[in-house]
Amino acid sequence: MSLIRRPKDFYAGILFIVSGTAALLLSRSYPLGSASRMGAGYFPRILAFLLIGGGVLLSLLALRSTQKEDTKILWRWRPLVIILFSVCLFSWAVDFLGLVAISLVLVFVASSASSEFRWKDALISGLLLGLAAAALFVYGLGIPLPVWPVFAGGGL
Amino acid sequence: MDALLGNLAMGFGIAFSPVNVFYAFVGSLVGTLIGVLPGIGPVATIAMLLPLTYGLPTVTALIMLAGIYYGASYGGSTTAILVNLPGEMSSVITVLDGYKMARQGRAGAALCIAALGSFFAGCVATLVIAAFAPFLADAALKFDAAEYFSLMVLGLVSAIVLAHGSILKAILMTFLGLLFGMIGTDVNTGTARFSFGVPELVDGIGFVAMTMGLFAFAEIATNLEQTEGERKLNAEQISRIWISWQEFKQSFPAILRGTALGSILGILPGGGATLSSFASYTVEKKLAKDPSRFGNGAIEGVAGPESANNAGAQTSFIPMLTLGIPSNAVMALMAGALIIHDIQPGPQIMTQTPDLFWGLIASMWIGNVALVILNLPLIGIWIRLLKVPYRLLYPMIILCCTIGAFSSNNNMFDVWVAIVFGFFGYIFAKLECEPAPLLLGYILGPLLEENMRRALVLSRGDYTVFVTRPISLTMLLLAVALLIVIIVPSVSKKREVVFQEE
């Protein structure tokens, strides 16, 4: 029997304590005011205290709980990191690669997060989705993104 | 009555314009399309498709979004019946008997009764909204800041009641959401709060980007952890989408009861589609002569909940449109969409923009017609879509969300917001903290603070103002009562556990 009976509650509690503390520190400089004339810092500080208090309670209950032990948390960062990385690539490179090419990159990279990744399928769907996205979002809805790479003339 | 008919006539005049009918259909179609696709719920669907509506006039945009919402809900039921996969919470209950019916080769009947029940419920709910919304809006116009504050507290507490899992966590997620809502310029004093000197943050975090991160990205990441199982399709057995007279007679009372339940539960803050469908199933099972049929393909078990969730989905527009209080995550998104179009949700919508209000209500009926027209003949296409593997689907969702996040302000900053919230969303999912109360808190945060401040200015800092005004007190007491009701069973359950361990 480990000390932390319910890890999900325990770490969630820590998360709330950390967020509350951060909010408290960040709102230090905002004027507090009084109840009848609240400053910018009044409400955030109430929330921060509530978060910290609730977080402490949650974590303590997770330690002392008489309930059955909860299952361990299984962190699997790989899929998350890959898909978020594909979005990072997009935001970084869309300006010079253009929507079609960067969509292909995004779809290909994101696809590799799946355990059933097939590179040929990913390439084909990436290309098709890139063309479709350009047609729908840029030509159809007028979203200002370049369609083609800068070195191929860029722009629309 | 005359006023009601006049208003509805005006609404239909607006909703029946070719453009609006077109978008109601497009919305229902696209919503069903995405609702059928597994692994993406209605919140993520609406967030993803929101950018498509930026260029439209406000009425048309809302009509389309509402269509997307019904479509997504309906699509969720289709997958529940055919592949045992509820597309969303409100169709979880449909799986019980719907999937059994499909296994017995009665998928056609299940789909048909779901469509008919939803249509009937949708028609009734439209009338309910038209009849009741003006009263609520009238009452709300008399509200002062203190009442508004208490009403929002009640709304937030109701959202907590509906969250699964730990109540304390849901409460804290609401606080966290309220805090995220504080980011940006403080309206009263002009102080830029929590903006870290980033100019984009002075305007607050974009709620579209935030929703995409919390719901779409995080959902995909958690879905990818499970290896894709074989989806067992019961599509082959569908010969025709129709029901026998016998089945119709059996399910009609269930449809009536489901509609009534859904219409009532949808209006309550915190109610809505999910609660309605669960309540309806319980009622049907209680009333049945032979309850053992339930869970083994009882058609009432599909008819009742499906009618109830559609009625509830529609009447849950009432608190959002008349009081400005979204009662669930989808309505929070709708409220956000209104804000994007520079319309503050609240009782003034009905008086200041009656065309918007009544046009939207009339369009609900059109949306329901669209669903029936689209779903019955197009079911073959939806079935084929179900066979698209997830590995091809999710990159498409990510791409759409990324471009969508960018397009909300035509700024790459929003894409980064989505990335950051995708990361948070995954952590929340792993710690079993529900993101829906956070979203609601985020949307209501600025309003809550504003009204609390105003109430306290008027009372010269006296906090008792919230409990000395009768309406405000009533709502706070309701909120407390709700909290007690949910806490007590879990307390007694805990006691049971302790008892057993001793």
Side-chain angles (χ1 to χ4, degrees), chain A residues 8-9 11-12 15-16 19 23 26-27 30-31 34-40 43-44 47-48 50-51 54-55 57-58 61 66-68 73-76 79-80 83-84 86-88 90-91 99 103 106-107 110-111 113-118 121-122 125-126 129 133 137 141-145, chain B residues 51-52 54-55 166 168-169 171-172 175-176 178-179 182 186 188-189 191 193-194 217-218 220-221 224-225 227-228 389-392 394-396 398-400 402-403 406-407 410 412 415-416 418-419 422-423 426-427 430-433 449 452-453 456-457 459-463 494 497-498 501:
Chain A
K8 282 170 191 161
D9 283 8
Y11 291 111
L15 182 76
F16 292 123
S19 339
L26 287 167
S27 58
Y30 309 146
S34 65
S36 57
R37 288 193 69 83
M38 276 187 212
F43 196 55
L47 287 175
L50 287 171
L51 267 177
L57 183 67
L58 187 64
L61 286 176
T66 46
Q67 278 179 303
K68 261 188 230 150
I73 316 169
L74 290 174
W75 298 97
R76 289 193 51 201
L80 179 79
I83 63 173
L84 292 185
S86 75
V87 180
C88 290
F90 182 98
S91 75
L99 188 57
S103 297
L106 180 146
V107 169
S111 297
S114 166
S115 52
E116 286 149 58
F117 174 57
R118 292 176 208 172
D121 288 6
S125 77
L129 285 174
F137 290 106
L141 294 170
I143 291 169
L145 283 171
Chain B
L52 299 180
Y54 287 158
S166 156
L168 185 56
K169 276 193 220 172
I171 294 174
L172 291 172
F175 289 152
L176 200 57
L178 290 169
L179 208 50
M182 299 295 107
D186 169 29
N188 284 47
T189 61
T191 318
R193 290 187 287 191
F194 306 117
F217 289 173
I220 290 172
L224 283 174
E225 295 185 348
T227 43
E228 194 172 352
Y390 194 61
R391 69 187 157 83
L392 292 180
Y394 78 85
M396 182 184 86
I398 296 174
L399 180 65
C400 285
T402 308
I403 300 174
F406 171 83
S407 72
N410 286 335
M412 228 23 114
V415 177
W416 285 95
I419 293 172
F423 182 75
Y426 180 75
I427 295 177
K430 285 283 131 177
L431 298 177
E432 284 170 9
C433 296
E449 185 190 17
M452 179 174 156
R453 275 177 167 182
L456 287 172
V457 166
S459 74
R460 299 200 183 79
D462 183 4
Y463 269 96
K494 256 179 216 154
V497 175
V498 177
E501 279 182 356

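Scope of the values below: all heavy atoms of this structure, side chains included, with no hydrogens, waters or symmetry mates. Chain identifiers are assigned alphabetically (A, B, ...) following the order of the sequence lines, protein sequences preceding nucleic acid strands; residue numbering begins at 1 within each chain.
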Hey, does A/P44 have a side-chain heavy atom less than 4.5 Å from the side chain of B/R193?
-> yes
Find the one option among B/N410, B/I403, B/D186 whose heavy-atom pairs under 4.5 Å with chain A are most numerous.
-> B/I403
Give, as side chain, backbone, both or neither, the part of A/L106 having an atom under 4.5 angstrom from any heavy atom of chain B.
-> side chain
What is the distance from atom CG of B/L392 to atom OG of A/S125, rounded to the nearest 0.5 Å?
-> 5.5 Å
Roughly how far, to the nearest 0.5 Å, is CD1 of B/I398 from CG of A/L129?
-> 11.0 Å
Minimum heavy-atom distance between A/G54 and B/L168, given as atom pair plus value = O-CD2, 4.0 Å
In terms of heavy-atom contacts, A/G39 and B/R453 come closest through O-NH2, 2.8 Å
Exam field: side chain B/K430 to backbone A/L74, donor-acceptor pair closer than 3.5 Å | yes
Interatomic distance, CD@B/E449 vs CG@A/L47, rounded to 0.5 Å, equals 8.0 Å
Heavy-atom pairs under 4.5 Å with chain B, option from A/P31, A/A40, A/A110 with the top count | A/A40
Note: B/L172 and A/G55 closest approach over all heavy atoms is CD1-N, 3.8 Å
Identify the two heavy atoms, one from A/L58 and one from B/S166, that lie closest to each other, and give their separation to 0.1 Å.
-> CD1-OG, 4.3 Å
Reported CE-to-CE distance for the pair B/M452 and A/M38, which is rounded to 0.5 angstrom = 3.5 Å
Chain A contact via B/M182 - which portion, at a heavy-atom distance below 4.5 Å = side chain
Residues in salt bridge (charged side-chain N to carboxylate O under 4.0 Å, His left out) with A/D121, at least two apart?
-> B/R391
Quick one: does B/Y394's side chain get under 4.5 Å of A/S114's, heavy atoms only?
-> yes
Stepwise side-chain contact (heavy atoms from CB on, under 4.5 Å) check, A/F43 with B/L179 = CA-CA 9 Å; A/F43 196 55; B/L179 208 50; over 6 Å; no
When rounded to the nearest 0.5 angstrom, what is the spacing between CZ in B/F406 and CD1 in A/I143?
-> 8.0 Å
Shortest non-hydrogen contact from B/L224 to A/P79?
-> CB-CB, 3.8 Å
Among the listed options B/T191, B/L178, B/I419, B/V415, the residue most often paired with chain A at heavy-atom distances under 4.5 Å | B/I419
What part of A/I73 gets closer than 4.5 Å to chain B, counting heavy atoms only: side chain, backbone, both or neither?
-> side chain
Closest heavy-atom pair, A/A35 versus B/Y463, reported as atoms and distance to 0.1 Å, is CB-CE1, 3.9 Å
B/Y426 meets the side chain to side chain donor-acceptor pair (under 3.5 Å) criterion, sequence neighbours left out, with B/E225
Going through the distances and angles, do B/I427 and A/Y11 end up as a side-chain contact (heavy atoms from CB on, under 4.5 Å)?
-> CA-CA 10 Å; B/I427 295 177; A/Y11 291 111; over 6 Å; no
Spacing of CG belonging to A/L99 relative to CG belonging to B/L399, to within rounding of 0.5 Å | 7.0 Å
With a cut-off of 6.0 Å (strictly less than), are more than 12 heavy atoms of other residues, nucleotides or ligands near CZ of B/F423?
-> no
Side chain from CB out, backbone as N, CA, C, O: work out which of these in B/L52 comes under 4.5 Å of a heavy atom of chain A, or both, or neither.
-> both
Can you tell if the side chain of A/S91 reaches within under 4.5 Å of the side chain of B/W416, non-hydrogen atoms only?
-> yes
Could you tell me whether the side chain of B/F217 reaches within less than 4.5 Å of the side chain of A/V87, counting heavy atoms only?
-> yes
A/S34, part contacting chain B, at a heavy-atom distance under 4.5 Å = neither
With a 4.5 angstrom heavy-atom cut-off, could you sort out which part of A/F16 is near chain B: side chain, backbone, both or neither?
-> side chain
